[in-house]
Number of protein chains: 2
Amino acid sequence: MMLITDRSLMSQTVGRTGPRRAPTMADVAQLAGVSHQTVSRVLSNHPNVRESTRADVLRAIGQLGYRRNSSARALVTRRTLTLGVVACNPTLFGPSSTLFGLEEAARDEGYMVSAVTLRRYSAAALREAIDHLSDWGVEGIVVIVPHREAVTALAELRLPFPVVTVEGGHNLPIPVVSVDQWLGARMATSHLLAAGHRTVWHVAGPPSWLEAEARAKGWRSVLEEAGAVVPPPIQGDWTPLSGYRAGQELAGRVTAGAAGRGSPEVTAVFVANDQMALGVLRALREAGLSVPGQVAIAGFDDIPEAEFFTPPLTTVRQDFAALGKASIRLLVSRLESGTTQGDDERVVIEPRLIVRRSSTPS
Amino acid sequence: MMLITDRSLMSQTVGRTGPRRAPTMADVAQLAGVSHQTVSRVLSNHPNVRESTRADVLRAIGQLGYRRNSSARALVTRRTLTLGVVACNPTLFGPSSTLFGLEEAARDEGYMVSAVTLRRYSAAALREAIDHLSDWGVEGIVVIVPHREAVTALAELRLPFPVVTVEGGHNLPIPVVSVDQWLGARMATSHLLAAGHRTVWHVAGPPSWLEAEARAKGWRSVLEEAGAVVPPPIQGDWTPLSGYRAGQELAGRVTAGAAGRGSPEVTAVFVANDQMALGVLRALREAGLSVPGQVAIAGFDDIPEAEFFTPPLTTVRQDFAALGKASIRLLVSRLESGTTQGDDERVVIEPRLIVRRSSTPS
DNA sequence: AGCATCATTGTTAGCGCTCACAGGTGGGGG
DNA sequence: CCCCCACCTGTGAGCGCTAACAATGATGCT
């Protein structure tokens, strides 16, 4: 008996000695002269607590610097309030902006976000990433891996928690949030066509990327509708270097003259992203071609640098932050509603064409 | 008795009915015909388990699709194996690359990373971010908020878990991992000076940023050592737009001629980051000035676009991924050793000068 | 043979919290 | 005056796991 009393006193008085372990709810309860349950009620804002009691408890909490133990809470409530994100290439402007918007939205909703990044996509890496997240008890995940195979692999996975994908393609039974890439490509291409160009060339992204595919499709659709010749798209890999190479090829076509056998002349190019557009711009300039004088260019993404390219780049702006927010809203809504089905939900965000000098000869 | 037997059978057979809750260690134990403790042993690779028993358990685990409950585990071990990160401006190339490297390193070490992003720095926002992380039970945090006030605020916080900062200034009792900004600035400035310029102008970052300060100091130190005039630095805010404005000012000085009262002529500029350098380049070009012909330029960061600027930008490369990895190593080492003190540890990574055309008249 | 030792397994007691329920108090209606 | 019903508070159980210890059998050594 004595011993017990001693111990309880010690835990409050000793303080200095040893790495005193974090105060528990019971400590707060004792100090406030109530039961641990009352402390719990105060913490969860239960209405039926007398005002004075609540104040006592809060004072004790402040005094002890008490923080609720999230593991214990998660154990009993079966809610970790944590969401997982799998992202690829998180160094690029798009993914990182999305991640940012997503995290902020999640925090507002009371969730924590844990991210796993993939250096390159592979089915194994994706699986591993998801395993890792699920080991940590996430309640749902957002997958930002706009690879065709990734998304199909995902659809086959049948996970025990909800999954939402960003830019994940529209043919699968997984909820998707995306910017309308197809529409964006159409906007850029139409814009160039409207400026009087006979046709528009295209520097495409890697074919396994869904965005690249959608942008190429949008571009092609406009040309076909307009009855314009559809030049062969040039393959890039999103990097400025690949854009540079594509630009060299295009420049070669220009200077070789319209004498080229059958190929339409190059007077306008829609490049699948801004980084590659930068490379194209440089290649053209090195070839002595003026933009937009001889060749008009449009990009995609509207990275912060685009406005300061030489010349400033006409491009398609994507609201990445909105993308992140929307994905969280979607995920949280099915978390709260307990819905696992209804897997065909779609949120599509409209892109916006930003016209700058690279496409407008003045 | 009958009832109990029934229930245990149900939990295995029913399957279809109801949202059968995740299997527990006891379920595995029962199926494998061992005690839950043995299952635990198998899972934690305890050596003293007979090989056949281990196999039985693993089979049961596979059969049931069992996953260890991380909350329960964390509750009893007092280890969440989760690290927190607070990052500012995570949309920029530097921070996002650091975050990426950091996450990867943490995963290798067996930790999960949860990030909180700050739209803009403020003491309140920082506090809030840290509170959020600590509510979720992180074991330590990495702070990537290279603001002077942020770091001092941090030093005063006295948190119950280890903290490491990235680029956090060297005068505080907090372990820091950083690239040697001062040295990088010196490399760029010396390089320009060595090319024969009488002095080097500077477009600086926001003064409250530690990197901006260190880069300005490095720049100044080289000029002073060389006995060169130190022109007044021009203030930017990291954005291309601010660089553009700075560029206009510099261009004005050039075209106004060396007739300016006292100011040295502008023939070389060290810009505190690549994005601003992009703005400067454009302003100079618009003013009809050639780079590097009339004005040589150097930047900082080596963003992927820098190589494709017009002209390609001489800049200082920072190994952000290494930064992330090093910060995790530092954090984990003091986590494992239980050290809370020894707070003056420093890891400094050397930057590398990347010389391109913007500084080398050919 | 007899006892210490080791490998292997089981048993028990919590970790800190929330949930479900059981009290106790006071006021208004019958 | 009593009962019912709001309010407020406390008690007990148990979430799924690990740590400490106990128990068993097999082995080795004297």
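All chains are named by letter (A, B, ...) in the order of the sequence lines, taking the proteins before the strands, and each is independently numbered beginning at 1.
A straight line from CZ of B/R50 to P of D/dA26 spans 10 Å, rounded to a whole angstrom. The distance between atom CG of A/L75 and atom P of C/dC15, rounded to the nearest whole Å, is 13 Å. When rounded to the nearest whole Å, the span between NE2 of B/H46 and C1' of C/dT8 equals 9 Å. To the nearest angstrom, C1' of C/dC19 lies 13 Å from CE of A/M25. A/Q30 places its CD atom 14 Å from the P atom of C/dG16, with the value rounded to the nearest Å. The distance from atom NE2 of B/H36 to atom C1' of C/dT11 is 7 Å, rounded to the nearest whole Å. Atom CG in A/D56 sits roughly 9 Å away from atom P in D/dT9 (whole-Å rounding). Remark: P of D/dA19 and CG of B/L43 are 12 Å apart, rounded to the nearest angstrom.
Residue B/R78 has its side chain nearest to C/dC15 when only C/dC15, C/dT8, D/dC17 are considered. Distances were taken from every side-chain heavy atom of A/V49 (C-beta onward) to each of D/dG10, D/dT9, C/dC15; the shortest belongs to D/dT9. Between C/dT18, C/dT9, D/dC8, one nucleotide has an atom nearer to the side chain of A/V76 than all others, and that is C/dT18.
Within 4.0 Å of B/T77, counting heavy atoms only, lie sugar-phosphate atoms of the nucleic acid but no base atom. Nucleic acid contact for B/S71: none, since no nucleic acid atom lies under 4.0 Å from a heavy atom of the residue.
Between A/R119 and B/E103, no side-chain nitrogen of the basic residue sits less than 4.0 Å from a carboxylate oxygen of the acidic one, so the salt-bridge criterion is not met. A salt bridge links B/R67 to A/D131: one of the charged nitrogens lies within less than 4.0 Å of a carboxylate oxygen. In this structure, A/E51 pairs ionically with A/R54, as a charged nitrogen and a carboxylate oxygen lie closer than 4.0 Å.
Comparing B/N69 and A/P47, the nucleotide of DNA chain D nearest to each residue sits closer to the 5' end for A/P47. Residue whose closest nucleotide on DNA chain D sits further toward the 5' end, between B/R68 and A/Q37: A/Q37.
Taking only side-chain nitrogens and oxygens, A/T53 comes nearer than 4.0 Å to OP1 or OP2 of D/dT9. The side chain of A/T38 contributes no N or O atom lying less than 4.0 Å from OP1 or OP2 of D/dT9. OP1 or OP2 of C/dT11 has not a single side-chain nitrogen or oxygen of B/S35 nearer than 4.0 Å.
Side-chain atoms of A/S114 and A/T82 form no donor-acceptor pair, as typed in the model, at a separation below 3.5 Å.
Here the side chain of B/E139 pairs a donor or acceptor atom with the backbone of B/L81 at under 3.5 angstrom.
Side-chain to base pairing of A/R41 with D/dG10: one donor and one acceptor N or O lie within less than 3.5 Å of each other.
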